[in-house]
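Just so we're on the same page: letters track the sequence lines, and every chain starts at 1.
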2 protein chains.
Amino acid sequence: MNKCDQCIVRQLSSLKALNKDEVIQLANSKTTYKIKKGEAIFEEGEVTNGVFCIKDGVGKLSKLSANGKDQIVKLVQSGELLGQRSMISNEPANLSAKAVADMEVCFIPKAEILHFFNNNNQFSMNLMQSVCEDLKESENDKIALVQKTVKQRLAETLLHLYDAFGENTDQTLKVQLTREELAGIIGTATESCIRLLSDFNKLELIELVGKKIKLKNIKALKKLSE
Amino acid sequence: MNKCDQCIVRQLSSLKALNKDEVIQLANSKTTYKIKKGEAIFEEGEVTNGVFCIKDGVGKLSKLSANGKDQIVKLVQSGELLGQRSMISNEPANLSAKAVADMEVCFIPKAEILHFFNNNNQFSMNLMQSVCEDLKESENDKIALVQKTVKQRLAETLLHLYDAFGENTDQTLKVQLTREELAGIIGTATESCIRLLSDFNKLELIELVGKKIKLKNIKALKKLSE
DNA sequence: AATATACTATGATAATTGTCATATTTAATG
DNA sequence: CATTAAATATGACAATTATCATAGTATATT
């Protein structure tokens, strides 16, 4: 078994509050999985009974609508925990979690997490803060959905992807999303998303390199998003 | 000082986990306020340093946009706690809290809450669950904003107001919101909201009694909202 | 009771965005 | 490498929703 002590999740998530003994306990109870791009970690409605540590890769939390569109609520990356909310609420997952890029995740059973929660104040506070952070982001997203146009939201999302995931050596965005996924994040039709990307391209705000996207004028994108 | 033991907030919120001694401690540290309709409990950007218990009345959590519109994120009522998120995150309030109907609230200093959080596992779990519940609602709202039309969201919101706040003896909705506030909840222009209410009225889904709203065909509203 | 002020209502119009149709390009599979 | 499938792109059009204008109605204030 790997020693969780070195793991990026241990360094970045609420788990950083765990002491040596707790980390050993963690290492003993975890199970590691590999998930290929496109596959699901868990589906909406599933009972998860634990949380998932993202060791590597990128995932999306999304919900399928009646008309077959997949609305993406959040992107998650290595270092983050997944499934905390449903575990705490004792509810089946409200959203599906799928891999956007090949992932490596560890499953930690509910009992372990609850034990840490009840015996390590710093851990419970960290977990609480992380959910609070999610809540704040969700509320702000909600407001943006109403108060901003699709164009503004696209600009905002591109900037966010740049900040959160960085760029490749050719300066294209590191997270490789399909246009459909990008549309699912900003909450619009795929065609509208593609059309606006074309516009941005013509205006030289971005450059479309095949399916990849390069941000060319960040300042202008920022201004546009406000 | 009032004994918090009898208080509705104590019965409904995370505070129900407090034991006798803790309730006495709570009662000694709280301050009670009255807030008139329209007035603010706290404003966006303010540092609150504690949470507010809502003893009576109805409040709204909202954010002002650049164009002067007030987007309502959540309505809160007696029995609920307010300001938990910013307190836990150590951040200024992300939203403003204002009274929609005359309110009575108690302020509990941060130190008290943190003390309970660190010493009472049931309390910290309750608090955690309540934030998780908010998160789930916010995520679902976000999805509804994208996937549903304004008409659907209006129907949904009317049903929610009915469920959450009930009706007066004349069967009109108990929460008395202006059309502007209602528009702020569903995320649309005030005129669009008024227009759709008119339509609903003509279709006999609702009845407009002055500024009040009576739900006349709940089944049809439900169907419409899906 | 009279005036002012805020709220509700409705029409006309414009802007935004979604939908459907159809190429075109790229990737996948035998 | 050929064929199929999937993703991207673009045009044409329709539907939804916002904005501006204006009028009516209720509420508050003096």
(message) Does A:Lys174 have more than 12 heavy atoms from other residues, nucleotides or ligands lying within 6.0 Å of its NZ?
(response) no
(message) Counting neighbours of OH on A:Tyr162 that are heavy atoms of other residues, nucleotides or ligands and sit closer than 6.0 Å, is the number greater than 12?
(response)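 Counting other residues, nucleotides and ligands, OH of A:Tyr162 stays at 12 neighbours or fewer.
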From [atom1] of [X] over to [atom2] of [N], roughly how many Å is that when rounded to an integer?
{"X": "B:Leu145", "N": "C:dT17", "atom1": "CG", "atom2": "P", "value": "14 Å"}
{"X": "A:Leu182", "N": "D:dT8", "atom1": "CG", "atom2": "C1'", "value": "13 Å"}
{"X": "B:Leu154", "N": "D:dT17", "atom1": "CG", "atom2": "C1'", "value": "14 Å"}
{"X": "B:Leu224", "N": "D:dT16", "atom1": "CG", "atom2": "P", "value": "12 Å"}
{"X": "B:Asp199", "N": "C:dG11", "atom1": "CG", "atom2": "P", "value": "10 Å"}
{"X": "A:Ile206", "N": "D:dA9", "atom1": "CD1", "atom2": "C1'", "value": "13 Å"}
{"X": "A:Ile186", "N": "C:dT16", "atom1": "CD1", "atom2": "P", "value": "15 Å"}
{"X": "A:Lys212", "N": "C:dT25", "atom1": "NZ", "atom2": "C1'", "value": "17 Å"}

(message) For residues 36-48 of chain B, which residue pairs pass the salt bridge (charged side-chain N to carboxylate O under 4.0 Å, His left out) check, not counting sequence neighbours?
(response)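 For residues 36-48 of chain B: none.
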Taking the side chain of [X] as heavy atoms from C-beta outward, which of [options] is closest to it?
{"X": "A:Ala189", "options": "C:dG18, D:dA9, D:dC20", "answer": "C:dG18"}
{"X": "B:Leu208", "options": "C:dT8, C:dA9, D:dA9", "answer": "C:dA9"}
{"X": "B:Thr188", "options": "D:dT8, C:dT17, D:dA18", "answer": "D:dA18"}
{"X": "B:Thr178", "options": "C:dA27, D:dA9, C:dT8", "answer": "C:dT8"}
{"X": "B:Arg179", "options": "D:dT10, C:dA9, C:dG18", "answer": "C:dA9"}

Between [X] and [N], does any side-chain N or O lie under 4.0 Å from OP1 or OP2?
{"X": "A:Lys69", "N": "C:dT19", "value": "yes"}
{"X": "B:Ser192", "N": "D:dA18", "value": "yes"}
{"X": "A:Ser198", "N": "D:dT8", "value": "no"}
{"X": "A:Arg195", "N": "C:dT17", "value": "no"}

Sidechain N-carboxylate O distance under 4.0 Å for [X], [Y]:
{"X": "B:Arg179", "Y": "B:Glu191", "result": "no"}
{"X": "B:Lys74", "Y": "B:Asp134", "result": "yes"}
{"X": "B:Lys151", "Y": "B:Glu156", "result": "no"}

(message) We want to know whether A:Asn217 and A:Lys223 form a side-chain donor-acceptor pair, criterion being a heavy-atom distance below 3.5 angstrom.
(response)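 A:Asn217 vs A:Lys223: no donor-acceptor pair found between side chains.
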(message) Base, sugar-phosphate or nothing for B:Thr190? Non-hydrogen atoms, less than 4.0 Å.
(response) nothing
(message) Closest-nucleotide mapping onto DNA chain C: is A:Lys151 or A:Lys211 further toward the 5' terminus? I mean the 5' end.
(response) A:Lys151
(request) Compute the angle between the rotation axes at the two ends of the helix from C:dA1-D:dT30 to C:dG30-D:dC1, each taken over five pairs, rounded to 10 degrees. (result) 50°
(request) For residues B:Gln152 and B:Glu226, report the shortest heavy-atom separation together with the two atoms involved. (result)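 In terms of heavy atoms, the two residues are closest at NE2-O, 2.8 Å.
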